[in-house]
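Worth knowing before you read on, the calculation uses all heavy atoms, side chains too, and leaves out hydrogens, waters and symmetry mates. Letters A, B, ... are given to chains in the order of the sequence lines, protein chains preceding strands, and every chain is numbered from 1.
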2 protein chains.
Amino acid sequence: MDARGAASLLFLREEEIRLGMELLFFGYRDFTAGPDAILAELDMGRAHHRVLHFVGRHPGITVSELLAILRITKQSLGRVLKPLVEGGYVVHAPGRNDRRQRLLTLTQKGQALERRLFERQRDTISRAYRESGAQAVEGFRRVMLGMMGADARARIEAGQAKDRESGKVA
Amino acid sequence: MDARGAASLLFLREEEIRLGMELLFFGYRDFTAGPDAILAELDMGRAHHRVLHFVGRHPGITVSELLAILRITKQSLGRVLKPLVEGGYVVHAPGRNDRRQRLLTLTQKGQALERRLFERQRDTISRAYRESGAQAVEGFRRVMLGMMGADARARIEAGQAKDRESGKVA
DNA sequence: GTCGTTACGTCAGCAACGTTGACATATTAA
DNA sequence: TTAATATGTCAACGTTGCTGACGTAACGAC
């Protein structure tokens, strides 16, 4: 290949990457728009949704584990967790083995809100999946996983393995 | 299919969606982590990066157009645009036809910073693309596009059409 | 049983980035 | 001349991150 050809390939590649950047920006923004609207009415934000999501998915999770997943400080978590507890969305119980721990669980009210938020987002994702086809969805998963650092990737893969064990996912 | 089968399918589907939610959350977070670190050293944030990106990609863009793309208020834009202009990253010139407009362009300094940020993010995306393969990348694009509202989708598709015209993309 | 470490909470202050509302200026267009 | 448009700016506020510091309760080792 001559120099012009190589430069042209590089250019193609750059356009490809910039397209990816914009897909992520616009896609993520619209993906979060639905829940954001519901949360705003309850004087909550995206951070509350994250807590509801991860507590819902990991009932009995400790504060430390939640901090590790979210990668925020305990002060930041405190600010969203406190209203969630006071509002009756989340409860905490002392750990059986280690009573310093606060095991977090969603109340019925918390589950109901989480579900409402989930369903809004499900509509967005379902549409995208349906329009794209199963093969595209598999590609989407691979690319998003590749975008992650080792940390998050391991967490996702661990979750997938657990799902397979329990027969949730083929 | 019996009722149990249908419920199981629904459950599968829910796990699928929740996986998608987490892929987006973790993926987007790690996708933005690189530039964020560079920007922090310059006392800038993600919002500055967005301006640099879109001004770089659309030289001579007006303030209104930029506001429409970012979907933020002019006050919010002002807060990041002003330091960028004062720092010599962006210049504005009055529009030829309409002198009320401020046509925004990156300076050399702005281009250099934008490129530095781009390259960091390119590494992340390149790795994800390389690990996943061309077919997966195509799937990723379709799904992300499907996630967007009509607005953003039209914008992306218009950009793609323009690239094809100018021979940038096959 | 004392003592260091760990798990968690909280107070104070700060920064980035989004919002609304109001008002000012320059320019265009009717 | 006048109304509308493009842009800028002041003020005040909310969400969600951050650092630093301090306090309490419980675990674990000696």
Side-chain angles (χ1 to χ4, degrees), chain A residues 25 28-29 32-33 35-55 60-87 90-105, chain B residues 25 28-30 32-33 35-55 60-87 90-104:
Chain A
F25 170 58
Y28 191 77
R29 183 179 64 184
T32 51
D36 284 357
I38 296 173
L39 291 158
E41 287 173 17
L42 299 169
D43 284 302
M44 296 195 209
R46 213 171 285 178
H48 300 80
H49 186 187
R50 283 179 201 137
V51 170
L52 290 171
H53 171 87
F54 285 109
V55 172
I61 191 175
T62 66
V63 171
S64 305
E65 285 165 351
L66 192 50
L67 288 175
I69 291 177
L70 298 174
R71 276 200 225 154
I72 58 176
T73 60
K74 61 178 171 176
Q75 294 90 329
S76 295
L77 175 60
R79 192 168 26 204
V80 292
L81 186 51
K82 203 176 168 187
L84 284 173
V85 170
E86 286 171 354
V90 174
V91 285
H92 46 61
R96 285 86 56 196
N97 302 329
D98 185 340
R99 292 192 323 179
R100 291 171 303 179
Q101 296 176 340
R102 310 284 210 122
L103 307 184
L104 304 170
T105 317
Chain B
F25 170 58
Y28 191 77
R29 182 179 64 185
D30 291 357
T32 51
D36 283 356
I38 296 174
L39 291 158
E41 288 173 17
L42 299 169
D43 283 301
M44 296 193 210
R46 214 172 283 177
H48 300 80
H49 186 187
R50 283 179 202 138
V51 170
L52 291 171
H53 171 87
F54 284 110
V55 172
I61 191 175
T62 66
V63 170
S64 305
E65 284 165 350
L66 193 49
L67 288 175
I69 290 176
L70 297 174
R71 277 199 225 153
I72 57 175
T73 60
K74 60 180 172 177
Q75 294 90 328
S76 294
L77 176 59
R79 193 169 26 205
V80 292
L81 187 52
K82 203 175 168 188
L84 284 173
V85 170
E86 286 170 354
V90 173
V91 286
H92 46 61
R96 285 85 57 195
N97 303 330
D98 186 339
R99 292 193 322 182
R100 290 171 302 180
Q101 297 177 338
R102 309 283 210 123
L103 308 185
L104 304 170

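- B:Leu81 has its CG atom 16 Å from the P atom of C:dA16, to the nearest Å.
- One distance of note links CG of B:Leu77 with CZ of B:Arg50; it measures 11.5 Å at 0.5 Å rounding.
- For B:Arg50, a side-chain nitrogen or oxygen approaches OP1 or OP2 of C:dG18 to under 4.0 Å.
- The nearest whole Å value for the distance from the CG atom in B:Leu70 to the C1' atom in C:dT19 is 15 Å.
- Looking at heavy-atom distances under 4.0 Å, B:Arg46 makes contact with sugar-phosphate atoms alone, never a base.
- Judged by distance alone with a 3.5 Å cut-off, no donor-acceptor contact links the side chain of A:Arg102 to the base of C:dG9.
- Contact annotation: A:Ser76 side-chain N/O to D:dC18 OP1/OP2 distance is under 4.0 Å.
- We find that CZ of A:Arg79 is positioned 12 Å from P of C:dC11, with the value rounded to whole Å.
- Side-chain atoms of A:Val80 lie closest to D:dT16 of the nucleotides C:dC17, D:dT16, C:dT10.
- Rounding to whole angstrom units, CZ of residue B:Arg99 and C1' of C:dT25 are separated by 14 Å.
- At least one side-chain heavy atom of A:Ile69 sits under 4.5 Å from a side-chain heavy atom of A:Ile61.
- Here A:Gly78 lies out of heavy-atom contact (under 4.0 Å) with every strand.
- No side-chain heavy atom of A:Thr105 sits less than 4.5 Å from a side-chain heavy atom of A:Val90.
- Residue-to-nucleotide contacts include no donor-acceptor pair under 3.5 Å from the side chain of A:Gln75 to the base of C:dG13.
- Straight-line distance from the CG atom of A:Asn97 to the P atom of C:dA7: 13 Å, rounded to whole Å.
- Between the side chain of A:Arg100 and the base of C:dT6, at least one donor-acceptor pair of N or O atoms lies under 3.5 Å.
- Interatomic distance, A:Leu84 CG to A:His92 NE2, rounded to the nearest 0.5 Å: 11.0 Å.
- Here the P atom of nucleotide D:dG8 and the NE2 atom of B:His92 are 6 Å apart, to the nearest Å.
- With the nearest nucleotide of DNA chain D identified for both B:Ser64 and A:Asp43, B:Ser64 has the one nearer the 5' end.
- For the pair B:Leu103/B:Arg96, a side-chain contact is recorded, criterion being any heavy-atom separation below 4.5 Å from C-beta on.
- The residue among A:Arg96 and B:Asp98 whose nearest nucleotide of DNA chain D lies closer to the 5′ end is B:Asp98.
- Distance A:Leu77 CG to C:dA7 P: 15 Å, rounded to the nearest Å.
- Backbone-only contact: B:His48 has heavy atoms under 4.0 Å from sugar-phosphate atoms and none from a base.
- Protein atom NZ of B:Lys74 is 13 Å distant from nucleotide atom P of C:dA24, rounded to whole Å.
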